[in-house]
Amino acid sequence: MGEPLKVGVVGTGTISKTYFEHLAKLPNTEVVAAADLDLARAKVVAEQNPGVRAMTPDELYDDAEVEAILNLTIPAAHASVTLAALGSGKHVYGEKPLAITRQEARPLLGAAEQAGLRIGCAPDTVLGTGTQTARALLDRGDVGAPIAATAFFVSPGPEPWHPDPEFYYKPGGGPLLDMGPYYLSALVNLLGPIRRVTGRVGRARQERTVGSGPKQGTTFSVEVDTHVSGVLEHESGVLTTIVTSFDVWAAKLPRIEVYGTEGSLSVPDPNTFGGDVEVFSPSSREWSVAAVAGGYADSGRGYGLADMARAIRNGGRHRASGELAFHVLDIMESLLESGAQGGQPVEVESTVERPEVVPAGATPDVA
Ligand SMILES: NC(=O)c1ccc[n+]([C@@H]2O[C@H](COP(=O)([O-])OP(=O)(O)OC[C@H]3O[C@@H](n4cnc5c(N)ncnc54)[C@H](O)[C@@H]3O)[C@@H](O)[C@H]2O)c1
C-alpha cells in the first residue's frame with residue numbers, strides 16, 4: 001500500500017466533521033493540516049484532531065508535507081481553491097459540484113492533466129453498497145434491459161437546519177447543483193452517460209429565512225431556480241425523468257427506480273452509502289430485498305478520496321473522478337439552459353466512461 005497519502009483540508013465548515021471521522025478509519029490517508037479563510041475554525045478542528053496543524057489556505061498550499069488537498073469550501077470557491085492547489089503541485093479531491101459552471105470547471109481538468117496530478121470529486125456515496133448493489137444487479141441482467149428510470153429529490157430547502165444556508169440560493173446552489181450530483185452520479189454509474197436533456201424550471205419564492213443558528217430569522221434573496229424537472233436521454237437510449245426541488249414541503253416519492261424489460265429496481269437514496277435495493281420480478285409479482293452484491297461496506301464521506309489515494313500510490317483509475325464530475329456538471333448546466341429556453345432540448349457535449357464497479361467486499365485502499 002505504501003505510505004498513507006498526506007492530506008490537507010481546506011474549508012473546515014459543517015461537512016468537514018464527517019470527513020475527519022471517516023478518514024481517521026482509512027489506512028491509506030492521513031490528514032495532517034487544516035485551513036479555512038476563518039483561521040479560528042481551522043484551529044478548532046486542529047484541536048479536535050490530534051496530528052492536524054492549523055494554518056491559512058496559502059500556507060497549506062505551500063506546505064511541503066501535504067500531498068493532496070481536500071476541498072470542502074463552498075461551491076463558489078471550489079474552482080479557485082482547486083486551481084491554487086493544483087498550481088502548488090497537490091492532488092485535489094473536492095466536494096461537489098466540481099465548480100459552478102463548465103467554463104470554470106474545464107481548466108481544472110486541463111491543469112491536473114498537464115501537471116500529472118489527480119482530480120477527484122464527491123459524491124462518493126455511489127461507491128457504497130446501495131448504488132453498487134443496484135449496479136451489480138443491472139449489469140448481470142436481473143431486470144433485463146433497462147428502458148427507463150426516475151429520480152426524485154424534493155424538499156423544502158436546507159434553511160430549516162443549515163445555520164448558513166445562503167450559498168444554497170446563489171449561483172452554484174439550488175436543488176439541482178446541490179443534490180443533482182448524487183442522483184446524476186448514481187444514474188451515470190447505473191445507466192451510463194447522458195447525451196441530451198430537456199428541462200423546465202421554476203422559483204416559488206424570491207426570499208428565504210434562516211431557520212437555525214446565530215442568523216435565525218434573517219432573510220436573504222433567492223438567485224437560482226428552486227424547482228427543476230427534466231428528461232435525460234442516456235447514450236444507451238434509456239430515458240430518465242428527474243425532479244429536483246427546494247419548493248416542496250413533503251412528498252412520498254421514491255428516490256431512484258430503474259424499469260427494465262424483465263422487472264423493476266428500487267435504488268436507495270444516493271445521498272447515503274448503504275440502504276436496501278429492492279427488485280420486482282414479474283414471475284413472483286413481488287418486491288424483494290436483494291443481497292449486497294457490490295460496494296464499499298460501512299463507508300462514509302472520504303472513501304472517494306481513499307479510492308483516489310490508492311490509485312495515486314498503485315496506479316489505475318479512481319472512481320469519483322473529475323471527468324465524471326465534469327459530465328455531471330455539464331448535464332446540470334444543460335438542463336438549466338434548456339429550462340431557460342422554455343424546454344428546448346440541449347445536447348450534452350461531454351461524455352464519460354462508467355466508473356469501474358466496486359466489487360463486494362472491496363476496501364478503498366486495495367480495490
Ligand atoms: N452541509 C452538508 O450537509 C453538506 C453535505 C454534503 C456536501 N456538502 C458540500 O460541502 C461543501 C461545504 O459545505 P458546508 O455545509 O460545510 O459549508 P460551510 O459554509 O459550513 O463551510 C464552508 C467553509 O469553507 C470556508 N471557505 C470558503 N471559501 C474558502 C476559501 N476560498 N478558502 C478557504 N476556506 C474557505 C468557509 O469559511 C467555511 O468555514 C459544499 O460544496 C457543499 O455542497 C455539504
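Each ligand, and each atom within it, is numbered from 1 in the order the structure gives.
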Candidate with minimal heavy-atom separation from atom 24 (O) of ligand 1, of Gly94, Ser16, Gly11: Gly11
Is there a heavy atom in Tyr19 that sits closer than 4.0 Å to ligand 1? no
Within the structure, is a non-hydrogen atom of Leu72 found at a distance of less than 4.0 Å from ligand 1? yes
Can an N or O of [X] be found at a distance shorter than 3.5 Å from an N or O of ligand 1?
| X | value |
| --- | --- |
| Leu37 | yes |
| Asp36 | yes |
| Asp38 | no |
| Arg301 | no |
| Thr14 | yes |
| Asp164 | no |
| Ala35 | no |
| Lys96 | yes |

Nearest-neighbour protein heavy atom for [atom], which is reported as residue plus atom name and distance:
| atom | value |
| --- | --- |
| atom 38 (C) of ligand 1 | Arg41 NH1, 3.1 Å |
| atom 6 (C) of ligand 1 | Tyr182 OH, 3.1 Å |
| atom 17 (O) of ligand 1 | Phe167 CE2, 3.8 Å |
| atom 2 (C) of ligand 1 | Ile15 CD1, 3.8 Å |
| atom 19 (O) of ligand 1 | Ile74 CG2, 3.7 Å |
| atom 35 (C) of ligand 1 | Thr73 CG2, 3.4 Å |

Ligand 1 atoms nearer than 4.0 angstrom to some heavy atom of Trp161 are 3 (O)
Shortest non-hydrogen contact from Thr131 to Val126? CB-O, 3.7 Å
Only residue of Glu356, Arg118, Arg310 satisfying side chain to side chain donor-acceptor pair (under 3.5 Å) with His318 is Arg118
I want to check something: taking the side chain as every heavy atom from C-beta on, are Phe153 and Tyr182 in contact at a cut-off of under 4.5 Å? no
Measure the shortest side-chain to side-chain distance between Glu104 and His78 over non-hydrogen atoms and say whether it is less than 4.5 angstrom. no
With sequence neighbours left out, the residues meeting side chain to side chain donor-acceptor pair (under 3.5 Å) with Thr218 are none
Between Arg53 and Asp63, is there a side-chain N and carboxylate O pair less than 4.0 Å apart? yes
